[in-house]
*Asks:* 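Have a look at the structure that comes next, please.
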Amino acid sequence: MDTVVLLYNTSCIYEIVILNYFLQFTGKKVRFISIDGKPIKAMEGYSINVDGKLSDIDADDIELLVVPGGNIQEIDVPCVWDSLKNIYANDKLIAAICAGVDVLDHAGILEGILSTHSSELDVAVSDKVITSRANGYVDFAIEVAKKMDLFKDEEDLHETISFWKNYQRMQ
C-alpha cells in the first residue's frame, strides 16, 4: 500500500516535509503525482518530477492520500473531487493541510466531520480525514504518523514530539 501525495504548481512543500520524512524513515512507499503526470514547480521554487498522474491511482492500492496547500486553483476541479470522493468511499485515509483542506471541502468530504473548517483547531483528526492549518505542519505530521502507526511505541512518539515540537536534542 502506498502513500500518494497530490502535487500541483504552487504546492507548499514545507507543509509536508516532516510528514514525508516520517514516511520515508519508516519505509513507507511514497508516490508523488500530479493531475497530468507532468512535473510541477512548488511554491518554494523547487521543480519536482512526479511518479504519475491522478487518473492512474487505484484507491485499493493506497493507504493515505496527502493534499498540501498552495494556490489550489489547478486542483480544485471536478476530476480531483471525484478521485478524493472515491478514495474516501474506499475507507482510505486522506490528509490535507492549509488550502488543501478547501479542496476536500469542495469535494464534499468534510460534511459532518471534525475538521479545521468546522472547528478552531490547528489540526483536526476524524476517522478517515486529518486536516491542518498551515502553522500546524509539525502536529499534522505527528497526527498522520500516529494514525498510520508509524511510531514503534509511546517512547518513540514522545521522543519525536520532543525533537520536532520542543526542539530538544537527541543523543
Side-chain angles (χ1 to χ4, degrees), residues 1-20 23 30-148:
M1 299 278 260
D2 297 346
T3 290
V4 174
V5 180
L6 176 58
L7 295 179
Y8 52 96
N9 290 305
T10 76
S11 293
C12 289
I13 300 305
Y14 85 89
E15 295 173 345
I16 61 168
V17 165
I18 296 171
L19 174 57
N20 188 55
L23 292 162
V30 180
R31 294 173 48 204
F32 296 95
I33 62 164
S34 63
I35 289 179
D36 57 9
K38 293 180 181 173
I40 64 99
K41 183 110 179 197
M43 182 74 74
E44 298 87 353
Y46 301 116
S47 293
I48 301 173
N49 290 319
V50 297
D51 302 309
K53 58 186 174 181
L54 180 61
S55 61
D56 293 338
I57 299 305
D58 182 347
D60 291 333
D61 296 334
I62 67 170
E63 62 181 326
L64 167 66
L65 176 82
V66 179
V67 183
N71 178 350
I72 59 169
Q73 182 177 354
E74 187 176 313
I75 64 163
D76 201 20
V77 295
C79 70
V80 173
W81 303 333
D82 291 343
S83 291
L84 290 171
K85 287 188 268 192
N86 182 43
I87 290 165
Y88 184 74
N90 279 282
D91 291 327
K92 306 303 180 171
L93 181 62
I94 298 175
I97 186 167
C98 192
V101 177
D102 293 336
V103 180
L104 300 187
D105 195 15
H106 299 160
I109 291 172
L110 300 183
E111 292 177 25
I113 66 168
L114 180 68
S115 72
T116 53
H117 280 194
S118 65
S119 73
E120 291 298 316
L121 297 170
D122 285 335
V123 178
V125 180
S126 72
D127 186 39
K128 298 187 297 184
V129 178
I130 298 173
T131 58
S132 178
R133 299 182 198 288
N135 66 318
Y137 62 93
V138 173
D139 289 324
F140 175 69
I142 291 169
E143 291 301 326
V144 173
K146 283 169 48 178
K147 196 73 155 176
M148 294 184 66

*Asks:* Please confirm whether the backbone N or O of Lys41 pairs with a side-chain atom of Asn9, one donor and one acceptor, at under 3.5 Å?
*Replies:* yes
*Asks:* Working note: Asn20 + Val5, criterion side-chain contact (heavy atoms from CB on, under 4.5 Å); need CA distance, chi angles, decisive distance, verdict.
*Replies:* CA-CA 9 Å; Asn20 188 55; Val5 180; 5.5 Å; no
*Asks:* Only counting residues at least two apart or in another chain, list the ones meeting side chain to side chain contact (heavy atoms under 4.5 Å, CB included) with Val17.
*Replies:* Ile13
*Asks:* Taking all non-hydrogen atoms of both residues, which atom of Met1 and which atom of Glu63 are closest, and how far apart?
*Replies:* O-OE2, 3.8 Å
*Asks:* Using the side-chain contact (heavy atoms from CB on, under 4.5 Å) definition, which of the options Leu6, Ile48, Thr10 pairs with Ile40?
*Replies:* Ile48
*Asks:* Working to the nearest 0.5 Å, report the span between CG of Asp58 and CD1 of Ile87.
*Replies:* 9.5 Å
*Asks:* Can you measure from CD1 (Ile18) to CG (Asp139) and round to the nearest 0.5 angstrom?
*Replies:* 9.5 Å
*Asks:* For Phe32, is there any backbone N or O sitting under 3.5 Å from a side-chain donor or acceptor partner on Asp51?
*Replies:* yes
*Asks:* Rounded to the nearest 0.5 Å, what separates atom OG in Ser83 from atom CD1 in Ile33?
*Replies:* 7.5 Å
*Asks:* Do any side-chain atoms of residues 122-129 form donor-acceptor pairs under 3.5 angstrom with protein atoms, and if so which ones, sequence neighbours left out?
*Replies:*
{"unit_1": "Ser126", "atom_1": "OG", "unit_2": "Val129", "atom_2": "N", "d": "3.3"}
{"unit_1": "Ser126", "atom_1": "OG", "unit_2": "Val129", "atom_2": "O", "d": "3.0"}
{"unit_1": "Lys128", "atom_1": "NZ", "unit_2": "Tyr88", "atom_2": "O", "d": "2.8"}
{"unit_1": "Lys128", "atom_1": "NZ", "unit_2": "Asp91", "atom_2": "OD1", "d": "2.9"}

*Asks:* Using only atom types and a distance under 3.5 Å, with no angle test, would you say the side chain of Thr131 pairs donor to acceptor with the backbone of Thr116?
*Replies:* yes
*Asks:* Which atom pair, heavy atoms only, marks the closest approach of Pro68 to Glu15?
*Replies:* C-OE1, 4.0 Å
*Asks:* How long is the straight-line distance from CD1 of Ile94 back to CD1 of Ile109, given to the nearest 0.5 Å?
*Replies:* 4.0 Å
*Asks:* In terms of heavy-atom contacts, does CD of Gln73 have more than 12 from other residues, nucleotides or ligands at under 6.0 Å?
*Replies:* no
*Asks:* Ignoring hydrogens, what is the shortest heavy-atom contact between Val50 and Ser34? Give both atom names and the distance.
*Replies:* CG2-OG, 3.6 Å
*Asks:* Could you tell me whether the side chain of Glu74 and the main chain of Tyr8 form a donor-acceptor pair under 3.5 Å?
*Replies:* no
*Asks:* Of all residues at least two apart in sequence or in a different chain, which pass the ring-ring contact (aromatic ring centres under 6.0 Å, His included) check with Tyr137?
*Replies:* Tyr14
*Asks:* Using the test side chain to side chain contact (heavy atoms under 4.5 Å, CB included), find all partners of Asn90 that sit at least two apart in sequence or belong to another chain.
*Replies:* Ala59, Asp60, Asn86, Lys92
*Asks:* What residues form a side chain to side chain contact (heavy atoms under 4.5 Å, CB included) with Asp102, not counting sequence neighbours?
*Replies:* Ile72, Ala99, His106, His117
*Asks:* Would you name the heavy atoms of Cys98 and Ala134 that are closest together and state the gap between them?
*Replies:* SG-CB, 3.7 Å
*Asks:* Could you tell me whether a side-chain N or O of Arg31 sits under 3.5 Å from a main-chain N or O of Gly52, the two making a donor and an acceptor?
*Replies:* no
*Asks:* Hey, mind stepping through Ile57 and Leu65 against side-chain contact (heavy atoms from CB on, under 4.5 Å) and telling me if it holds?
*Replies:* CA-CA 10 Å; Ile57 299 305; Leu65 176 82; 5.8 Å; no
*Asks:* State the OG-CD1 distance between Ser115 and Ile130, to the nearest 0.5 angstrom.
*Replies:* 12.5 Å
*Asks:* Would you sort out whether Val101 and Leu110 count as a side-chain contact (heavy atoms from CB on, under 4.5 Å), showing the intermediate values?
*Replies:* CA-CA 9 Å; Val101 177; Leu110 300 183; 3.7 Å; yes
*Asks:* Determine, step by step, whether Val67 and Leu84 satisfy the side-chain contact (heavy atoms from CB on, under 4.5 Å) criterion, reporting the C-alpha distance in whole Å, the side-chain angles of both residues, the deciding distance to 0.1 Å, and the verdict.
*Replies:* CA-CA 10 Å; Val67 183; Leu84 290 171; 4.3 Å; yes
*Asks:* Measure the CG-CG distance between Asp105 and Asp76 for me, rounded to the nearest 0.5 Å.
*Replies:* 9.5 Å
*Asks:* Taking Ser118 for the side chain and Ile113 for the main chain, is one N or O donor matched with an acceptor at less than 3.5 Å?
*Replies:* yes
*Asks:* Please find the pair of heavy atoms, one from Leu64 and one from Met148, that lie closest to each other, and give the distance.
*Replies:* CD2-SD, 3.3 Å
*Asks:* Could I get the full list of side chain to side chain contact (heavy atoms under 4.5 Å, CB included) partners for Ile35, not counting sequence neighbours?
*Replies:* Ile75, Val77, Cys79, Val80
